[in-house]
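Since the model is a prediction, treat every value here as computed from it, not as a measurement.
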Amino acid sequence: MSEDDPTSDSDDERTLIRTGRDFEQEYRLDADEAGRFLIDLGEQLREGDELTIATDEWELPFAFGEPVGLEVDFEGVDDPELEIELELPGRPDERAPDVE
């Protein structure tokens, strides 16, 4: 990675995913592994307003705001499928101006 790569992190071999970039990674897991991930994610959500998701190759820190969106979608025709989507809005980093 080059020094002017905005996703590189000089202190680590992992790519740091930062604001201003689009990133998507899809996994096919067994239920036990997916459950462990959801528990770990839930614990970070309960502990504060920042979370970090990482692998050996990349790290994605995210400061989230409220309200958190949760969607449950069940398609029961033909091949039944349940989709659960969690949407975390980014936390604004701006403050209101002073009123004098």
Side-chain angles (χ1 to χ4, degrees):
M1 284 185 253
S2 70
E3 286 182 22
D4 29 7
D5 181 354
T7 62
S8 71
D9 184 0
S10 59
D11 296 337
D12 200 347
E13 293 298 315
R14 294 188 284 197
T15 299
L16 183 60
I17 311 301
R18 298 184 181 169
T19 302
R21 295 288 196 176
D22 286 334
F23 175 77
E24 183 175 323
Q25 185 74 47
E26 190 171 311
Y27 296 91
R28 292 186 53 83
L29 308 172
D30 62 30
D32 182 61
E33 186 72 11
R36 183 197 58 77
F37 173 80
L38 290 172
I39 289 168
D40 292 346
L41 180 64
E43 287 174 353
Q44 283 195 40
L45 290 172
R46 292 179 78 182
E47 288 175 7
D49 56 3
E50 295 185 21
L51 60 87
T52 300
I53 300 172
T55 68
D56 291 341
E57 291 91 29
W58 54 266
E59 178 177 336
L60 195 162
F62 188 72
F64 61 91
E66 303 282 345
V68 172
L70 179 64
E71 180 180 327
V72 178
D73 182 15
F74 175 67
E75 295 180 12
V77 180
D78 298 326
D79 252 347
E81 181 178 90
L82 176 63
E83 183 177 329
I84 300 170
E85 181 178 319
L86 181 69
E87 189 170 320
L88 303 170
R91 183 177 67 216
D93 58 359
E94 295 180 356
R95 293 184 42 190
D98 292 333
V99 177
E100 296 179 4

Straight-line distance of Glu81 CD to Asp73 CG, nearest 0.5 Å: 8.0 Å
Note, Leu16 side chain near Pro61 side chain (heavy atom, < 4.5 Å): yes
pair Phe23-Trp58: side-chain heavy atoms closer than 4.5 Å: yes
Minimum side-chain heavy-atom gap Thr55-Tyr27 below 4.5 Å: yes
Side-chain heavy-atom pair Phe62, Ile17 within 4.5 angstrom cut-off: no
Arg46 side chain reached by Gln44 side chain, heavy atoms, under 4.5 Å: no
Trace of the side-chain contact (heavy atoms from CB on, under 4.5 Å) decision for Leu45 with Phe64: CA-CA 9 Å; Leu45 290 172; Phe64 61 91; 3.5 Å; yes
Interatomic distance, Asp40 atom CG to Thr52 atom OG1 [nearest 0.5 angstrom]: 12.5 Å
Donor-acceptor pair, side chain of Glu13 and main chain of Glu57, under 3.5 angstrom: no
Approximate separation, where rounding is to 0.5 Å, of Leu88 CG and Glu50 CD: 12.5 Å
Note, Val72 side chain near Leu82 side chain (heavy atom, < 4.5 Å): yes
Transitive ILVMFWY side-chain link Val68 to Ile39, under 4.5 Å: no
From CD (Glu33) to CZ (Arg28), nearest 0.5 Å: 14.5 Å
Rounded distance (nearest 0.5 Å) linking atom CG of Leu60 with atom CZ of Arg14: 11.0 Å
Heavy-atom check, side chain of Arg91 versus side chain of Asp49, under 4.5 Å: yes
Beyond-backbone contact of Ile84 with Leu70, side-chain heavy atoms, under 4.5 angstrom: yes
CD/Glu87: more than 12 non-hydrogen atoms of other groups inside 6.0 Å: no
